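Report on the following structure.
Order of the sequence lines fixes the chain letters, A, B, ..., with proteins taken first and strands second; residue numbering starts at 1 for each chain. Because the structure is a prediction, the values reported are computed rather than measured. Scope of the values below: all heavy atoms of this structure, side chains included, with no hydrogens, waters or symmetry mates.
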Amino acid sequence: MKGTGLFASSSLDSEKRLICLTLPNLSVAGFQETSSLKVELCFFASFCSPPRIKDEPDDDGFYASPKEDSKPLKRPREDDDILLILQDSKAKKVKSKDKKVPEADKRKKPKKEEEQKWKWWEEERYPEGIKWKFLEHKGPVFAPPYEPLPENVKFYYDGKVMKLSTKAEEVATFFAKMLDHEYTTKEIFRKNFFKDWRKEMTSEEKSTITSLSKCDFTHMSQYFKAQSEARKQMSKEEKQKIKEENERLLKEYGYCVMDNHKERIANFKIEPPGLFRGRGNHPKMGMLKRRIMPEDIIINCSKDSKIPAPPPGHKWKEVRHDNKVTWLVSWTENIQGSIKYIMLNPSSRIKGEKDWQKYETARRLKKCVDKIRNQYREDWKSKEMKVRQRAVALYFIDKLALRAGNEKEEGETADTVGCCSLRVEHIKLHPELDGQEYVVEFDFLGKDSIRYYNKVPVEKRVFKNLQLFMENKQPEDDLFDRLNTSILNKHLQDLMEGLTAKVFRTYNASITLQQQLKELTNPDDNIPAKILSYNRANRAVAILCNHQRAPPKTFEKSMMNLQSKIDAKKEQLADARRELKSAKADAKVRRDEKSKKTVESKKKAVQRIEEQLMKLEVQATDREENKQIALGTSKLNYLDPRISVAWCKKWGIPIEKIYNKTQREKFAWAIDMAEEDYEF
DNA sequence: CAAAAGACTTAGGATTTCGAAG
DNA sequence: CTTCGAAATCCTAAGTCTTTTG
């Protein structure tokens, strides 16, 4: 099975999305609605632990609980020594101020305000391994229970109405809700679904329903469409009510207290049951993702915290107190058997610190990357096959920003690869192609089954090595048969502490942004044009990292709209110019103050319109260039935010133009600490 | 030692919200 | 005020890398 017809099955999508990886500008790396809704909401309230009364004493529990113990142990990181020393005194001041706030004030003053300003980055870190000293939360919010369909909504089997048991009906609704999706027509999806559905049936149902193709879900499907339509048509008041309920839920369950601070939780709602849809050609698509019950849940919190109560009549699987991990809640998912977690928001200290650290590691790589590059170039000549393979793989990881490529269990997931797991069939060698020598053509599915397609000229030695690695191998054989990620990472660890394959992606992404910004920013440009330059720099990184997206469904249309706006603006500009001209002529004849003034104002109008036109044109360029490229992923995960902050400061660009509210929260540390001269 | 389990980051698509145009 | 497209947010899958287990 391995590797056969890799693209035959899934290439259609990928084909459409194929983008040119070699943009000219890119230089790589130095190289019923209402009533049912109400029921849902009430359910939340009852299935979660009882709401706390506002002014209960435990309300300030989180100020009291951790006590003075939280004096952090000193563990300055190599890279931030100076920073920490400089800010030490400041940090202490902040802290002591916190503590002196009188009791009464604490409750009245919204904690929000106070907490949002908390600058965790000015405080010392915990010793390695310890993630927190105090943790209190209210546990997860469970999915609303299944609500049986109204009697008049029918399911038909073999043309005849059939009333399903509640359990079977619930699973049937999952399928019905997906009826419009292409994947309900896929063989694997249908097979997996049917198998799991039958498990939920009563024995009578099982004996009657023997073929999925005889099942008619269309009525159910129509019902759900009508429901969602009705949802859209709800009155403002009803919508408002739902919104308020969500806010209440967020307020109650969306936050935890970790070491004196109230922090936002990322995913406090348990994933509802449904049909699994993996990405790409996934062997498990269509399987039933079962409902998670309190009995599945492990709670993690402090011993001395108020332990969250399980829903009435239920128990937690376990309550543990492990401060070596960051999660609050975990459970085992039934599709892959992997563990899922509830963790904190990216704005939290625990996530932010890690993020910061990630970029510091990448900056350390910057200091030794030349040495490492020389080293792997030497290793291309090694007598040992293992060393050569390692060196070539590392070259790809560095030059092309490929992912490490762990082995995957065959048949458990979609067939995708990264660097170490590349197979012979994924590359083609061209001694010469389009006037270039030693070209390697890559064509494989990477993470999320996104296609990576690239033709890269490589050094002769690399090329010769690849020929060697491919000798006497079948297409489905591993290209690097003596290598895996663990061997590679072990080697990297020896070259630099904390170095792993993914650090190269972070490093190359960030350094590329910095370079591109230097290259592309024109000091004379106005703000929109500078932002276009920023986006182009960002885009260079996204292309390097192969961050693709499906072109938005409305892309063509929105492009047309924008074009017509531009045309209209152009006309408006022509008109304004004509008016200016005649006003000038008029002024020349009349030579009075009033007509002079008219000329001035017309001039201004022309200027204004010119600027607007320019803005629109820039927008159009930006959007066109972005058709199949996703900027968000690199912005959020690969680009040292301090580079962007510094760039904004340097050119007087408001940070809001680059980062939205959520992103500003995530990168608060960088926004606070980076000056305009920051160098990655 | 290798395989499995565990913890955490990275990822694109779906859904919801927002804000400008009509 | 309504509509519509874009942006923001949500969702959870799919990776990486570390730790534990046998």
Side-chain angles (χ1 to χ4, degrees), chain A residues 13 17 129 131 178 181 228 231-232 236 239 242-243 246 250 266-272 274 276-280 282 284-285 289 298 300 322 324-327 330 332-333 335-346 350-351 354-355 357-358 403-409 412-414 416-421 445-450 484-490 492-493 498-503 505-506 509 542 545-555 557-562 565 568 619 623 626 628-638 659-663 665:
Chain A
D13 283 355
R17 309 173 44 156
K131 305 297 170 70
M178 296 177 138
H181 263 103
S228 72
R231 199 177 259 265
K232 277 183 212 152
K236 230 187 229 159
K239 282 183 181 167
I242 291 168
K243 203 174 163 189
N246 283 332
L250 172 69
N267 55 327
F268 59 93
K269 290 179 186 162
I270 298 279
E271 296 169 20
F276 176 81
R277 169 59 185 163
R279 317 237 167 99
H282 198 116
K284 300 197 170 182
M285 64 170 82
K289 209 171 100 161
I298 302 175
N300 191 32
D322 181 357
K324 308 279 194 299
V325 295
T326 67
W327 54 268
S330 75
T332 302
E333 154 270 341
I335 303 290
Q336 320 275 357
S338 65
I339 308 171
K340 299 241 176 171
Y341 303 93
I342 291 182
M343 292 185 186
L344 297 194
N345 199 66
I350 211 153
K351 292 291 181 188
K354 198 85 186 293
D355 204 37
Q357 189 175 219
K358 172 180 78 188
R403 296 187 184 83
N406 284 309
E407 302 101 303
K408 306 168 73 184
E409 215 175 324
E412 295 290 299
T413 59
T416 63
V417 298
C419 186
C420 294
S421 50
L445 298 183
K447 182 176 178 181
D448 294 318
S449 293
I450 296 291
N484 60 38
T485 53
S486 142
I487 295 171
L488 178 67
N489 280 334
K490 235 168 242 147
L492 292 176
Q493 194 62 237
L499 186 61
T500 60
K502 85 187 188 84
V503 179
R505 250 168 103 81
T506 311
C545 295
N546 199 37
H547 291 143
Q548 297 186 233
R549 63 167 185 179
K553 292 207 164 39
T554 54
F555 187 84
K557 204 169 123 200
S558 83
M559 224 44 215
M560 300 258 278
N561 285 346
L562 192 54
K565 264 193 201 168
Q619 201 187 347
R623 198 182 294 172
N626 237 15
Q628 304 174 75
I629 299 169
L631 299 186
T633 302
S634 50
K635 201 182 214 179
L636 235 48
N637 299 302
Y638 288 102
Y659 291 137
N660 68 29
K661 188 169 136 277
T662 313
Q663 294 163 338
E665 279 166 15

How close or far is atom C1' of C:dA7 from atom CG of A:Leu631, stated in whole angstroms? 13 Å
Identify whether any heavy atom of A:Lys635 sits under 4.0 Å from a base atom; if not, whether one sits that close to sugar-phosphate; answer base, sugar-phosphate or nothing. nothing
Minimal heavy-atom distance between A:Ile342 and A:Ile270, with the atoms involved, is CD1-CD1, 4.4 Å
When the distance from CG of A:Asn660 to P of B:dT17 is rounded to whole Å, what number comes out? 16 Å
Contact class for A:Ser330 vs. all strands (heavy atom < 4.0 Å): base, sugar-phosphate, or nothing? nothing
Take a 6.0 Å sphere around NZ of A:Lys490 and say whether it holds more than 12 heavy atoms from other residues, nucleotides or ligands. no
Protein proximity profile, nucleotides 10-22 of chain C - base contact B, sugar-phosphate-only contact S, no contact -, cut-off 4.0 Å on heavy atoms: --BBBSBB-----
Using atom NZ of A:Lys354 as one end and atom C1' of B:dC8 as the other, report the distance to the nearest whole Å. 6 Å
Write down the distance between OH (A:Tyr659) and P (C:dT9), rounded to a whole number of angstrom. 15 Å
For residues 629-637 of chain A, run the donor-acceptor check on the side chains, cut-off 3.5 Å, and write out each pair with its distance to 0.1 Å, sequence neighbours left out.
unit_1, atom_1, unit_2, atom_2, d
A:Ser634, OG, A:Asn538, ND2, 3.2
A:Ser634, OG, A:Leu631, O, 3.1
A:Lys635, NZ, A:Ile658, O, 2.5
A:Asn637, ND2, A:Thr633, O, 3.2

To the nearest angstrom, how far is A:Asp355 atom CG from B:dC8 atom P? 15 Å
To the nearest 0.5 Å, tell me how far A:Asp322 CG sits from A:Trp327 CH2. 7.0 Å
Atom pair distance, as rounded to whole Å: NZ in A:Lys232 and P in C:dT2: 17 Å
Side chain of A:Ile339 only, heavy atoms from C-beta on: which candidate in B:dG12, B:dT9, B:dA7 is closest? B:dA7
Give the intermediate values and the outcome of side-chain hydrogen bond (donor to acceptor under 3.5 Å, both in side chains) for residues A:Ser421 and A:Lys408. CA-CA 9 Å; A:Ser421 50; A:Lys408 306 168 73 184; over 6 Å; no
List in chain and number order the residues that pass side-chain hydrogen bond (donor to acceptor under 3.5 Å, both in side chains) with A:Lys447, two or more places apart in sequence or in another chain; answer none if no residue qualifies. none
Figure out the NZ/C1' separation between A:Lys131 and B:dG6, and round it to whole Å. 11 Å
Indicate whether OP1 or OP2 belonging to B:dT17 is found under 4.0 Å from a side-chain N or O atom of A:Lys239. no
Considering all heavy atoms, the nearest A:Ala414-A:Ser449 contact: CB-OG, 3.9 Å
Look at A:Tyr638 and B:dA11 and indicate whether a side-chain polar atom (N or O) is within less than 4.0 Å of OP1 or OP2. yes
Atom CH2 of A:Trp327 to atom P of B:dT9: distance rounded to whole Å? 15 Å
